[in-house]
Amino acid sequence: MKVDKDKDEGGIINGLLGLAASYRVTLTQLFRKPLTESYPEYKRPLPARSRARIILTRDKAGGERCVACYLCSGVCPVSCISMQSAEREGGRRYAAWFRINFARCIYCGLCEEACPTLAIQLTPDFEHSCRHPLDFVAEKEDLLVDHGGKDGDYDFYHYAGVDCGEGKGTHEAELPPVDIKSNLP
Amino acid sequence: MPYLIIDNRHIQVPRGTTVIDAAERLGIMIPRFCYLKVLGAVGACRMCAVMFEAGPVKGLQMSCMVQAADGMRVSTTHPEAVAFRRQIIEWLMINHPHDCPVCDEGGHCLLQDETISGGHSRRRYTGAKRTYPDQDLGPLVQHEMNRCIQCYRCVRFYQEYAGYRDLGVMGIASRIYYGRFSDGALESPFSGNLIDICPTGVYTDRPSRFLARRWDLQRADSICLHCSLGCNTVAGAHYRAVIRQESRENVRVNGSFICDRGRYGHAYANLAERPRQSRLDGEPAGWREAAREAAARLKRIAAAAGHSAIAVLGSARNSLETQIMLRYLSHHAQWRPPRFFVNGSEARSTAAVVARLDSRLAAGLPDLEEADFLLAVGVDPVNDAPMLALAMRQAARKGAKIVVLDPRPVELPFAFDLLSAGLGDLPAALAVLVKTAVSQAGTDGCEAQEKAFLAALPGRVPDEKLQGQLGQAGGWLAASRRPAIICGSAIAGPELAGLAADLALLLQTGKTPSRLFYLLPGPNAFGAGLLQRGSRYFPSLLQDIEKGGVRALLVVENDPFFRYPDQDRLHSALGKLELLMVLDYLPSRAARAAHIFLPGATVFEAGGSFINNCGLLQYAAPVHEGGIPLAQVSGGSHPPRAHAPAPGSEKCPSAYEALLFLANELAIRPPTMDASPWSLLPEDFPGQAELLAHPYPTDGLQLLPRLSEAESLQTPVNLPTSGPAAGALTVLRVEQTFGSEELSCYAEPLRQLAGPPLALLHGADADRAGVRDGEQLCFEIGGEKVELALQVTNRMAPGQLIIPHHYALGRAACRLPAVVAQAELRGLTGQDSPDLPQAITES
Amino acid sequence: MTEKVLFLNQKFDRPATLEEYRENGGYGALALALEKYAPGQVCDLVAESGLRGRGGAGFPTGRKWLSFAGRKQGPRYVVPNTDEMEPGTFKDRVLVNCDPHLVLEGIILAAYAIQADQGIFFIRPSYEQDAQLIEGELNRAREAGYLGKNILGSDFSFDIEVHRSAGRYICGEASAQVRAIQGYRPNPRKMPGLHLTERGLWDQPTLVNNAETLACIPAIVSRGPQWFKKIARTPSGAGTKLFCVSGRVVRPGCYELPMGTPLREIIEQEAGGMLPGSEFKACLPGGASTRFLPKKQWEVPMDFESLKKIGHQLGTSSIIVFDHNTCLVAATINLLNFFVRESCGWCTPCRDGLPFMRHLLLEIEHGRGKEEYIPMLRSMAGQMRHAYCAFAPGAAEPVLGLLEYFEDEVREHLSRGKCPCRFSDAGGGFRRKQCLT
Amino acid sequence: MLPEEIRHRLETRIAASAHPRELVVDVMYELQNHYGFLNDVALREVAELLQLTPLEVEELATFYDFIYRRPVGRFVLHVCDGVVCWMFEEQSALDYICKLLGVAPGETTPDGQFTVLPTVCVGYCDHAPAMLINGKLYGPLTPEFIDRTLEELRSISCDLVLCR
Amino acid sequence: MDSTGLIILLAKLLIVLAALLTGAAYLVLVERKLLGRFQLRPGPNRVGPAGIWQPLADGIKLLLKEDTVPAGADRILFLLAPAVVAMVPLLLFAVIPLGPDLHLANRTIPLVISDLNVGLLYILALSSLSVYGVVLGGWASNSTFSLLGGLRGAAQMISYELAMGLSLVPIVMLAGSFSLVDIVAAQEGFPFLLVQPVSFVIFLISALAEAKRLPFDLPEAENELMAGYHTEYSGMRFALYFVGEYINMIVLGGLLAVFFLGGWHGPLLPGPLMLGLKIIPVPLLLIWTRATLPRLRYDQLMQFGWKVLVPVALVNIVVTGGLILWLES
């Protein structure tokens with residue numbers, strides 16, 4: 001009730017004038033040219049950070065970046081990501097299979113935030129529609145692309161400190177492996 | 001009882017409690033890396049620093065190194081302490097790799113938690129990181145030294161706590177290295193605990209490597225079924241496969257650890273060859289269809305040949321619910337009472353144990369740790385029940401004297417005295433030992449009955465050396481204040497179990513609070529023992545089958561072929577049956593031979609209650625729904641998209657539910673509609689009232705039959721004092737840590753560790769037979785050949801031939817009777833000469 | 001001429017023999033003690049003398065000995081610690097080489113005082129020559145009846161064996177030394193509320209004392225504790241002390257001087273002053289694990305209390321003298337290098353913290369330092385005092401000294417973006433860095 | 001293989017000891033002297049003699065710096081880099097010796113004569129800069145002194161072994 | 001009534017129905033187009049040129065959609081409720097005179113479907129009936145959203161019906177008849193708007209509220225109640241609610257024209273066209289209002305209805321009555 005009293009301060013005239021002013025505003029809009037871009041005829045270039053279809057990128061050497069750490073599936077609020085991690089020859093961890101159910105995906109981008117290897121990325125490509133819900137289920141083959149996407153130079157395994165066949169101590173900022181039998185003090 | 005203040009909260013703790021533990025009691029988790037309650041404090045990581053503001057100790061101190069004292073005021077959040085702990089984390093992280101995403105520890109990593117909770121997020125150290133080469137530590141544990149933060153937990157557990165000496169710390173300064181001398185499998189059967197203990201990912205679970213994150217696992221509290229100790233575990237399943245098992249702390253049973261057999265023995269639940277399809281006369285059939293047909297045939301047989309033509313065989317791995325249902329069903333259908341043991345000796349031993357173990361005597365593993373003298377008879381702890389060895393080691397570390405009386409070359413991770421007595425001599429030797437002890441300690445206060453009993457015990461064994469050793473051990477026993485007798489049932493018969501109880505009672509009357517600890521032949525053997533009262537043993541049942549008195553046999557989660565000595569007899573007998581119905585989850589021979597087969601559910605799918613060797617009833621919760629593991633459905637690539645269940649993946653009812661279904665079909669209605677298993681309990685079942693009131697006690701329920709005084713000291717004292725005639729060998733078929741237990745022998749990594757089976761022979765016998773160590777021996781048994789490498793040792797009792805139950809020995813080895821006298825040995829080999837060389841022919 | 005206690009029989013070119021030692025009253029104290037004093041009385045004498053441990057920590061020796069009373073029965077051990085591995089310290093080598101029997105008599109007296117059965121002479125590998133010398137002298141002492149069963153006809157039996165170490169500074173720490181002797185990894189180990197004097201070697205009461213400490217005992221027993229105490233030049237000191245002077249002085253060496261002799265006097269008179277062309281810049285007054293002592297403080301009397309008053313430690317009283325040409329940042333790096341290498345790897349501050357500090361100093365030395373490194377160093381060095389044993393706090397001392405007295409020099413590294421020293425030919429024919437300023 | 005004589009001597013000593021483990025350093029020294037360094041065979045023999053596991057011996061062998069787990073030459077030059085020696089030669093003595101012998105620190109000369117190792121203070125600070133060769137102390141070092149000493153050592157036929 | 005009369009009546013019915021339904025359908029398009037332009041977008045423009053076939057496409061789509069009935073719904077009521085909503089405005093139009101009587105082949109054809117002498121009461125009665133469509137639809141759906149929507153609708157419509165009825169009393173007083181034909185006839189000289197501006201405003205606002213359009217669309221407030229009382233409807237039944245709403249808008253225009261703007265009276269143009277011209281601005285005004293005003297809060301809505309509109313309408317009656325008395329006297 002108190003609210004009304006406060007609001008009533010301007011009086012009926014002011015109220016009516018305000019009402020009229022708002023009608024005028026909408027009316028002037030009516031005669032302006034629509035801003036709409038007609039979509040299929042004209043496709044607006046979207047920023048790289050737009051969040052639409054998800055891809056799995058590769059590192060510079062062409063290897064899969066995904067290490068199947070389950071962080072994306074762990075953080076996904078709609079549980080649309082599932083995978084099975086496995087060990088590749090040489091000790092590299094990778095996804096034996098990797099599946100995103102785009103029918104569930106809400107394109108929130110949390111998976112991309114969580115990804116420690118920059119493997120999973122959202123792209124501006126939003127145009128995908130299917131008739132059958134199961135056609136929205138994308139497997140690793142469907143998700144893998146042959147480029148590095150954003151920050152294509154980063155290679156997790158160069159910094160991770162795990163041996164994937166190149167030997168210990170060969171990556172960025174690593175000392176050669178400790179030789180405990182060394183005679184040096 | 002010191003009274004102190006931690007973070008403005010008051011607490012009183014027992015004397016000797018460290019401040020870190022006192023804080024934990026208040027729910028204040030002081031960060032730590034090197035400290036583990038069971039391993040004690042060493043103060044190496046410096047992570048648990050807190051501020052002592054008042055009291056006998058002042059200033060910043062490690063809370064694990066300071067014992068709580070009166071008047072202490074401690075602040076865990078003092079800025080100086082927080083700053084110091086932050087600094088410690090930063091120091092620890094300068095060399096820690098950036099590999100959490102590919103580390104299996106990620107998600108349940110103490111280092112991760114404490115780094116994040118400590119707020120360390122920016123790297124100030126600009127130098128390069130130290131790296132280490134890794135080692136191959138065998139099929140169970142994966143090594144990744146780069147992650148190490150040098151907390152020393154692993155060596156302290158491995159060397160100090162568990163007593164194995166092949167993993168240690170090498171190097172110095174910031175080049176400390178934890179590992180073995182060279183690549184190779186860890187020797188300790190407790191190596192899996194390194195995975196739980198390591199605060200980061202240096203040791204990770206190898207069989208489940210890269211399979212799942214902890215947060216994705218379906219986890220539930222479970223019970224280990226691989227021996228009778230009933231250790232507590234947490235099982236984790238992912239994508240319909242049980243992939244990991246961890247220990248669960250229970251101070252009444254296993255403490256904080258479990259053995260590797262328990263940790264990795266769960267593979268049987270995920271086997272590709274696990275039967276998941278019901279079969280009706282060899283043809284696949286629907287579960288209900290098969291079960292209905294079974295009921296129909298049972299009715300027909302009962303009508304034609306009488307109710308007693310139907311017999312039931314349960315097992316020591318049945319859940320208690322299943323056992324109760326079996327008994328209820330057979331009672332109300334007027335079938336023969338259920339049998340639970342294939343081996344008659346096991347059945348009698350278990351009966352003796354159940355009859356003799358009462359709460360005055362029963363000890364748990366923690367009680368053994370407190371004992372000052374341990375006498376183990378007929379037990380090879382590391383092979384029979386590994387966690388027993390760990391408990392015994394804790395007693396040894398506290399200074400207990402330990403004596404093992406066994407025919408086998410027992411190896412234990414601590415100093416002990418091995419008294420080698422042949423299998424037949426065990427009861428007598430035990431009697432001599434205790435007689436010596438009691439007479440040395442004095443028999444004052446003994447009633448006449450006890451004195452008579454004592455007098456009737458044999459005073460000597462034939463072997464002079466053994467006699468001397470027994471005398472010495474008797475002296476130690478007499479001097480001890482808290483002795484415990486550990487008695488096995490794997491090789492020794494019921495006489496030994498009875499005698500052990502008698503002796504424990506006798507010692508107790510002699511004012512020594514002695515305890516008794518039995519091992520049993522299965523995770524729920526105790527339950528079977530309680531419910532098998534009045535029923536005869538399997539061999540007699542076999543006779544009835546052969547005579548045609550029994551025409552239908554219902555086998556629930558058992559495989560008579562796995563252990564029954566005479567395979568041919570068993571085979572022909574079961575062939576005579578009109579109906580052999582098998583309910584199991586293992587791809588067993590019996591399952592293949594069944595007319596009607598119903599697939600069962602494992603403990604991970606159905607859950608169940610089990611009574612361990614000390615009479616403690618514990619409940620294992622179901623972990624997951626079950627079904628064919630996704631990896632098998634998909635064959636490694638991505639699983640099918642459709643939601644339809646894969647063929648054969650319908651959820652298998654538990655044995656209890658299957659029997660309930662059968663009972664309904666047979667119009668045997670349980671008294672209550674909800675059919676709580678406990679409502680079907682026989683009235684003389686111990687703890688029945690409590691079970692009805694609290695059906696699933698969370699912390700276990702001690703179920704020990706009440707024994708009257710009159711029941712004590714009842715063993716017939718005319719004990720055998722010698723084994724088979726000279727020149728003959730007693731064949732012992734023994735358990736092995738890995739590769740011999742019915743369930744865990746399906747686990748591939750454990751099979752790798754089990755290695756090829758060995759036959760053990762005493763040096764003197766080997767000399768007589770003219771065979772040498774390492775020789776390949778060929779045993780011919782009923783036309784089948786078993787090849788075994790011979791190991792000659794003088795640490796065992798002469799006159800025995802020791803052969804492990806081993807998955808690789810297959811059915812031929814099962815034919816060896818547990819004990820062969822001379823004549824039988826001859827018959828076994830089909831030769832007439834009593835001499836050894838004929839029994840063992842060189843290949 | 002001051003009183004000599006330890007270097008009474010100094011021959012400079014060779015060790016004193018048993019005969020020479022006996023001529024000067026050697027083994028008289030032992031005979032006296034066995035004859036006149038009960039073991040407890042010997043402990044009392046030592047306590048009265050005010051003798052404090054010469055190994056670095058300065059714990060009152062008498063108090064340590066007295067704590068043996070009432071300890072559990074069974075074998076007891078004496079471990080004379082000759083594992084000095086601290087840079088700049090060589091007094092035990094000189095002492096043993098000068099008068100081995102003095103040390104032996106001290107050990108036997110200590111053993112008598114605490115009723116020990118066995119002595120284990122712990123010697124570092126680089127003193128192998130001395131170990132062989134001792135082994136020879138032990139045999140001589142045995143032949144003369146000072147060791148073995150029923151020493152000098154009394155019912156006291158005691159023997160000493162030599163334990164050779166295989167290196168590592170940490171073995172000088174008492175509990176680590178005990179573990180080293182037992183054949184375990186020599187990490188210092190403490191049990192809450194338990195001391196070595198209760199559970200040491202093989203869980204038996206064990207006395208670990210520096211060789212120099214033990215060498216003082218015969219004089220205390222034979223000439224009286226009051227006499228011993230009064231030799232010192234300051235009331236807070238007691239007895240004499242071996243001062244090892246090394247570094248850029250004319251006559252580096254080991255000098256026996258009364259406790260409380262001023263530092264300047266030791267350097268200028270005994271050691272002959274600075275080398276030509278060198279100026280005193282700083283010194284480490286007590287070995288590598290003490291703080292740099294600047295010139296303004298060099299009048300300080302060298303004893304435990306006086307040094308403590310101005311924020312320094314006597315340590316092993318090994319005076320390492322730096323001249324004005326030495327870059328103290330580089331010197332600290334060298335010291336830290338030693339500590340990093342010799343850390344036993346037991347606790348985190350020592351194992352991982354010291355390399356971090358060395359890294360920061362190296363960055364500063366190589367001109368890559370940042371302003372924030374100075375507070376970082378200061379805080380880390382301060383945190384070191386919460387490490388497991390005294391090793392890491394000792395290692396942090398030079399850094400703390402550097403930041404306390406020579407912060408300007410550190411800042412100069414930062415502001416110049418490089419070390420303000422350059423290489424020149426000097427000192428023994430090798431190229432040497434010299435400060436430009 | 002270990003000569004019977006050494007083995008016997010060690011076994012006697014071990015049998016006489018109340019705590020055999022106490023002798024582990026001495027046994028390692030002994031076998032190191034015999035083999036030149038403590039190789040894996042020697043290490044296993046130490047373990048066997050003392051009834052330890054190879055790992056337990058390795059735990060100690062890798063801890064101590066005077067137990068050599070890698071091959072060394074006939075003479076091991078432990079060149080002191082303690083602060084006093086450093087003050088006089090600023091790494092140069094080590095550099096000089098390495099240059100002279102053509103090896104890096106930790107390496108052995110191709111003729112198997114010398115191994116150069118930097119080492120912590122050898123307790124010869126009054127003769128800084130100093131070094132330790134097979135247990136014998138040398139100092140103060142100058143280029144000429146080093147040249148002369150190494151020449152002398154080369155000409156010595158027998159091993160000058162005090163400790164290594 | 002003879003057969004010709006019946007045929008004529010049926011023809012009138014057909015014409016009116018066709019015009020109303022087409023009008024309603026295209027009003028949807030007009031609304032979407034206009035709202036689009038108010039919001040600087042083009043509006044529907046894909047089906048046919050400028051989207052003129054959009055209503056057709058919508059109709060086909062809605063017809064083809066599955067007609068679902070939620071579990072637990074009161075099936076009969078659920079099915080009937082939309083029909084009530086759609087029928088009421090159609091029936092209302094029966095009493096609106098479209099023009100002067102037409103004389104054709106010596107027959108007088110009144111351009112009204114039915115000239116009830118209680119036409120105004122008929123209107124009030126029918127508009128009360130439409131409350132049932134809302135309430136029953138909401139209740140029968142067995143859904144919380146629907147029920148709340150129905151409740152709100154009932155409260156709102158009943159409240160504003162009062163003001164609406166009161167606002168028409170002066171018109172009756174002026175015209176002296178309840179017949180709409182008479183009311184139109186009474187305005188031959190001047191439209192009542194000039195003498196009854198207050199009534200006009202009250203009627204306009206109440207009618208807006210009756211039509212449940214912005215700013216009075218609380219019963220179907222999307223961001224609170226999904227779609228209010230018709231949340232659970234689908235396909236053609238869903239469409240019926242909208243048919244009802246849009247016809248209602250046209251009928252509202254007709255009523256305004258009849259009561260205040262002189263009905264079909266006007267210069268130049270024939271009656272029905274004149275009426276049409278007067279009707280058209282009303283839906284446009286409503287659409288404009290929808291684009292302009294935000295939704296009221298519920299308490300504001302009730303307060304406005306009961307505390308402002310009803311008293312003002314009462315005062316207006318008294319004043320009008322006084323004036324009439326004064327003028328007559």
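Here the structure is a predicted model, which means the values were calculated and not measured. Within every chain, numbering begins at 1; the chains are lettered A, B, ... in the order of the sequence lines, protein sequences first and strands thereafter.
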**Toward chain D, the part of C/Val249 with a non-hydrogen atom under 4.5 Å** = neither
**Request:** Select one option (side chain, backbone, both, neither) describing which atoms of C/Ile333 are under 4.5 Å from chain D's heavy atoms.
**Result:** neither
**Message:** Would you compute the distance between atom NE2 of C/His163 and atom CD of D/Glu22 and round it to the nearest 0.5 angstrom?
**Reply:** 7.0 Å
**Asked** Given that the side chain runs from C-beta out, which part of D/Tyr124 has a heavy atom under 4.5 Å from chain C: side chain, backbone, both or neither?
**Response** both
**Item:** Side chain / backbone / both / neither for C/Ala180 at chain D, heavy atoms under 4.5 Å
**Value:** both
**Request:** Between chain D and each of C/Tyr169, C/Trp202, C/Phe90, C/Tyr184, count heavy-atom pairs under 4.5 Å; write down the option with the most.
**Result:** C/Trp202
**Salt bridge present between C/Arg93 and D/Asp126 (N-O < 4.0 angstrom)** = yes
**Message:** Distance check, rounded to the nearest 0.5 Å: C/Arg124 atom CZ versus D/Cys121 atom SG?
**Reply:** 6.0 Å
**Option that, when pairs with chain D are counted at under 4.5 Å, heavy atom only, ranks first among C/Gly88, C/Gly253, C/Pro186** = C/Pro186
**Item:** Gap separating the CZ atom of D/Phe88 from the CZ atom of C/Arg248, nearest 0.5 angstrom
**Value:** 5.0 Å
**Asked** Who among D/Val24, D/Val120, D/Leu52 has the most heavy-atom pairs with chain C under 4.5 Å?
**Response** D/Val120
**Whether C/Arg185 side chain and D/Leu60 backbone form a donor-acceptor pair below 3.5 Å** = no
**Request:** With a 4.5 angstrom heavy-atom cut-off, could you sort out which part of D/Asp26 is near chain C: side chain, backbone, both or neither?
**Result:** side chain
**Prompt:** With a 4.5 angstrom heavy-atom cut-off, which part of C/Ala331 approaches chain D: side chain, backbone, both or neither?
**Reply:** both
**Request:** Measure the shortest side-chain to side-chain distance between D/Met87 and C/Ile320 over non-hydrogen atoms and say whether it is less than 4.5 angstrom.
**Result:** yes
**Request:** Decide yes or no for D/Lys136 and C/Gln129: does some side-chain heavy atom of the first lie under 4.5 Å from some side-chain heavy atom of the second?
**Result:** yes
**Prompt:** CG/D/Leu23 to CD1/C/Ile181 distance, rounded to the nearest 0.5 angstrom?
**Reply:** 12.0 Å
**Request:** Quick one: pull up OH in D/Tyr29 and CZ in C/Arg164 and give me the separation to the nearest 0.5 Å.
**Result:** 8.5 Å
**Request:** Report the C-alpha distance between C/Cys344 and D/Phe63 in whole Å, list the side-chain angles of each, state the deciding distance to 0.1 Å, and finish with yes or no for side-chain contact (heavy atoms from CB on, under 4.5 Å).
**Result:** CA-CA 8 Å; C/Cys344 76; D/Phe63 191 92; 3.9 Å; yes
**Prompt:** With a 4.5 Å heavy-atom cut-off, do C/Tyr127 and D/Leu132 have their side chains touching?
**Reply:** no
**Request:** Could you look at C/Cys171 and say if it's the side chain, the backbone, both or neither that has a heavy atom under 4.5 Å from chain D?
**Result:** side chain
**Message:** Using a 4.5 angstrom heavy-atom cutoff, name the option from C/Ala131, C/Pro252, C/Ala288 with the most pairs to chain D.
**Reply:** C/Pro252
**Complete:** Here the gap from C/Thr326 atom OG1 to D/Trp86 atom CH2, rounded to the nearest 0.5 Å, amounts to 6.0 Å
**Side chain, backbone, both or neither of C/Glu342 within contact of chain D (heavy atoms, under 4.5 Å)** = side chain
**Message:** Between C/Glu161 and chain D, with a heavy-atom cut-off of 4.5 Å, which part of the residue counts as in contact: side chain, backbone, both or neither?
**Reply:** side chain
